[in-house]
Colleague: 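First the structure, then my questions, so here it is.
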Amino acid sequence: MNPATLATVNALVEIGLFAFKSIRAVQNGDKTPEEIRAEWPVVSAKLDDAWAAWDAAGDKTGEQK
């Protein structure tokens, strides 16, 4: 598996875990929806990094976007 694919899969897994943990935290009253929203930019940045790695891998192999 190339690094770009691995980075994308990892980012998607982290987003899924974030979603499940967030739902549980709100249901249990541990966090408010506002607190969850404040945490989202950190998780979102990981997906942006994964897309950048994906794009860079395509550039290196000469693939068209």
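A quick note: this is a predicted structure, and the numbers were derived from the prediction, not measured.
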Colleague: Please answer: with hydrophobic residues joined when any side-chain heavy atoms are less than 4.5 Å apart, are Trp40 and Leu12 in the same cluster?
Modeller: yes

Colleague: Mind checking the NZ-CD spacing from Lys21 to Glu14? Nearest 0.5 Å is all I need.
Modeller: 9.0 Å

Colleague: To the nearest 0.5 Å, what is the distance between OG1 (Thr32) and CZ (Arg37)?
Modeller: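 Those atoms lie 8.0 Å apart.
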
Colleague: Can you tell me if Glu39 uses its side chain to pair, donor with acceptor, with the backbone of Ile36 under 3.5 Å?
Modeller: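 Not confirmed, Glu39 side chain does not pair with Ile36 backbone.
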
Colleague: Nearest 0.5 angstrom please: Phe18 CZ to Leu47 CG, how far?
Modeller: 12.5 Å

Colleague: How long is the span from the CG atom in Leu17 to the OG atom in Ser22, to the nearest 0.5 Å?
Modeller: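 Rounded to the nearest 0.5 Å, the CG-OG separation comes to 10.0 Å.
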
Colleague: Report whether Val43 and Val26 are members of the same hydrophobic cluster (ILVMFWY, side-chain heavy atoms less than 4.5 Å apart, transitive linking).
Modeller: yes

